[in-house]
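Sequence lines set the chain letters: A, B, ... in the order given, protein chains first and strands last, and positions in each chain run from 1.
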Protein chains: 2
Amino acid sequence: MRRSTLEEVAALAGVSKMTASRALRGASDVAPETGERVRQAAKSLSYVGNRLALSLSSQRTNLVAVVVPSMSNTVFPEVLSGITTGLEGSGMQAVFGISDYDTDKERDIIRDMLSWQPSAIIVTGLDQPEETVRMLKLADIPVIQLMDLDGTPVDFNVGLSHGDAGRDMAVALLAAGRKKIAYVGSALEKDLRAVKRKSAFAKVLAAQGLAFAAEQLDDDFSSIALGKRLTTRLIAAKPDIDCIYYSNDDMAAGGLFACMEHGIAVPSQIVLAGFNGLDLTDSLPAPIATSKSPRRAMGEAAARLITDAMANGGVSGPKTIVFKPPIIGLGVA
Amino acid sequence: MRRSTLEEVAALAGVSKMTASRALRGASDVAPETGERVRQAAKSLSYVGNRLALSLSSQRTNLVAVVVPSMSNTVFPEVLSGITTGLEGSGMQAVFGISDYDTDKERDIIRDMLSWQPSAIIVTGLDQPEETVRMLKLADIPVIQLMDLDGTPVDFNVGLSHGDAGRDMAVALLAAGRKKIAYVGSALEKDLRAVKRKSAFAKVLAAQGLAFAAEQLDDDFSSIALGKRLTTRLIAAKPDIDCIYYSNDDMAAGGLFACMEHGIAVPSQIVLAGFNGLDLTDSLPAPIATSKSPRRAMGEAAARLITDAMANGGVSGPKTIVFKPPIIGLGVA
DNA sequence: CATGTTACCGATACCGGTACCGTTATCATG
DNA sequence: CATGATAACGGTACCGGTATCGGTAACATG
């Protein structure tokens with residue numbers, strides 16, 4: 001019992017392939033009665049259709065390639081979720097790839113994705129190496145770079161400025177009276193956006209004649225457990241700090257748990273600050289400050305950009321969509 | 001500057017399409033010098049290749065379709081991550097779809113995925129409606145049903161018994177001396193596996209002449225915030241309980257935060273129990289009991305099943321892979 | 001020197017659809 | 001009744017690759 005083809009459906013309905021094709025696509029130029037016969041035949045054969053043939057023949061696919069660096073914290077799954085809901089009803093299909101924060105792997109994945117002739121491609125960040133950028137340009141489809149704005153986009157750009165986010169957080173924490181600020185980060189050699197936040201933050205400190213009072217770094221990827229571990233180490237080494245800036249919320253949440261374990265009052269004694277605004281943060285037993293990045297919204301914006309471009313047969317609005325993450329969890333900001 | 005085709009590469013290298021094809025695939029039957037010339041031509045044209053044509057012609061794809069119900073808590077992203085790493089190096093490519101716990105949507109997504117002629121398909125759970133099962137059977141490719149074992153699989157089956165998990169947790173909690181056990185759950189009309197855990201749990205209670213001392217349910221999907229809210233409500237209504245079984249760890253973590261806020265000692269006064277064994281759980285300021293489900297491992301097992309089936313040209317080992325989630329966070333179990 | 005072998009390459013026929021154009025039948029119109 | 005318009009359908013040529021078979025040249029072999 002093999003997969004049946006359009007030809008078989010057509011034969012069963014007593015028409016030509018062409019008519020069957022038209023009927024199943026709901027096109028005109030088909031007599032109602034004939035159309036019904038074809039649909040019956042298709043159903044009785046459980047005909048499914050072959051998108052490979054469809055796309056090869058019609059020279060268009062409904063594919064949107066999406067490349068994200070990771071799946072291990074919730075941020076990218078949420079972005080993906082936003083993309084798929086944004087694509088819903090448009091007939092587009094998102095295809096995902098995970099690069100593990102590895103630029104070589106990212107290049108290979110993008111190449112592989114492009115070979116499926118997608119109608120658009122969404123990649124994370126603006127820091128692709130030149131070779132990857134060349135491939136993206138050559139693909140001659142809408143390219144959307146997501147999450148980050150600090151750099152030169154290939155084409156479309158949707159995201160937020162991580163530099164601004166780091167700067168704003170530093171300003172807010174200083175305004176809240178914090179002076180001895182430490183930094184806790186993970187996998188900074190991979191997570192370029194965290195680096196951007198950190199250095200913008202440091203720049204604000206420097207402008208006030210300050211610097212990070214201490215640092216704890218690790219090569220592992222961010223996690224609550226790692227945040228807890230590094231924070232424990234940090235407060236042992238440098239007990240007199242009054243604030244910790246983390247590379248993200250996972251780390252900060254772990255930091256909170258470490259503080260609770262060591263009887264450190266948050267936020268009165270030490271203020272903890274992260275990035276992302278994970279749902280987690282507003283259920284925590286003590287507040288942590290964070291920049292609330294609109295992950296779903298960015299995904300949906302990217303999706304809308306694509307559906308628009310497909311519909312209008314080209315660009316209509318601006319090529320860059322800017323989000324500004326508000327700082328929450330700091331009481332009066 | 002259009003996308004170049006194999007034909008153009010061949011022309012530039014001064015050979016036929018066929019030879020170019022062979023050269024780029026690294027096949028034999030090509031003189032080393034000719035191969036080099038073709039590769040040069042391909043590179044100079046930034047040739048990418050058209051997988052649509054490749055797959056249509058060769059009648060095989062490197063696609064593995066994966067359908068999961070959600071992306072909003074970390075469990076499915078972790079499973080996906082396991083699948084992609086398990087597929088790594090095999091040349092297979094995972095394609096994801098999200099069904100939002102909606103069986104109709106799941107059917108449509110599966111149909112759509114099948115139209116891409118994937119080499120295998122992974123779906124979540126065993127509770128697909130008949131029509132969906134029929135489609136899966138007709139696809140005539142390896143079908144893997146993931147996460148759950150309680151039911152009749154279409155083909156391959158990788159997962160754990162949620163009935164057993166619920167039962168074991170009930171037994172463990174009773175053995176720990178808990179008597180007044182409440183239940184807190186979310187979206188039970190959608191999350192069939194949570195229902196299986198709950199009813200197996202309830203059955204154990206019933207066998208001891210017990211029943212849930214209280215219940216808090218909600219239609220929303222699970223989240224830490226929801227767990228916190230429902231738990232707050234629960235302990236207000238029924239302060240004398242000594243244990244809460246949650247539909248999963250997100251809810252339980254929220255429950256913990258609620259308890260902390262109300263000065264309830266965990267686990268001495270109330271034991272909290274969830275399901276999944278999220279990484280989060282072992283950094284929490286107080287222990288919560290949970291069944292540690294091997295999410296990555298299940299994904300990888302499914303992937304390996306597929307790569308094996310592709311390599312051996314058929315089935316080799318058993319069609320069912322059983323995982324047994326250990327209970328952690330209960331001190332002496 | 002005739003006859004394999006082997007290495008390398010090309011022609012042709014698909015794969016399963018759609019685009020495009022042409023054909024036929026039917027019917028209204030002048 | 002010839003003509004044109006329109007509706008419904010079919011034929012053919014692709015889309016960009018690969019499978020398959022066959023051909024040619026170079027070389028070894030008896």
Nearest-Å distance, CG (B:Asn62) to C1' (D:dT18)?
-> 15 Å
Between D:dA19 and B:Arg60, is there an OP1 or OP2 to side-chain N/O distance shorter than 4.0 Å?
-> yes
Check: A:Ser46/B:Arg134 side-chain N/O donor and acceptor closer than 3.5 Å | no
Just checking, is any N or O donor in the side chain of B:Ser55 or B:Arg60 under 3.5 Å from an acceptor N or O on the other one?
-> no
Indicate whether the side chain of B:Arg25 and that of B:Ser21 have a donor and an acceptor atom separated by less than 3.5 Å.
-> yes
Selection: residues 45-59 of chain A, any non-hydrogen atom under 4.0 Å of DNA chain D | A:Leu56, A:Ser57, A:Gln59
Is there a donor-acceptor pair closer than 3.5 Å between any side-chain N or O of A:Asn157 and the backbone N or O of A:Thr320?
-> no
Side-chain heavy atoms of A:Gln145 within contact of A:Phe156, under 4.5 Å | no
Overall bend - the helix from C:dC1-D:dG30 to C:dG30-D:dC1, comparing terminal axes fitted on five pairs, nearest 10 degrees = 60°
D:dA8 P sits how many Å from A:Glu36 CD, rounded?
-> 15 Å
Do we see a donor-acceptor contact under 3.5 Å between the side chains of A:Gln117 and A:Gln59?
-> no
Between which nucleotides of DNA chain C, 5' to 3', does chain A make heavy-atom contacts below 4.0 Å?
-> C:dG16 to C:dC20
Is a side-chain N or O of B:Asp148 found less than 3.5 angstrom from the main chain of B:Gly125, in a donor-acceptor match?
-> no
Crowding at CD, A:Glu189 (>12 non-hydrogen neighbours, <6.0 Å) = yes
Taking side chain as C-beta onward, heavy atoms only, is A:Val322 less than 4.5 Å from A:Leu149?
-> yes
For D:dA8, does either OP1 or OP2 sit under 4.0 Å from a side-chain N or O belonging to A:Arg22?
-> no
Here the distance between atom C1' of D:dC9 and atom CG of A:Asp29, to the nearest Å, is 8 Å
Does B:Asp108 reach the side chain of B:Met113, with side-chain heavy atoms less than 4.5 Å apart?
-> no
Minimum-distance nucleotide to B:Arg25 side chain [options: D:dG10, D:dT18, D:dG17] = D:dT18
Answer whether the closest heavy-atom distance between the side chains of A:Lys105 and A:Ile98 falls below 4.5 Å.
-> no
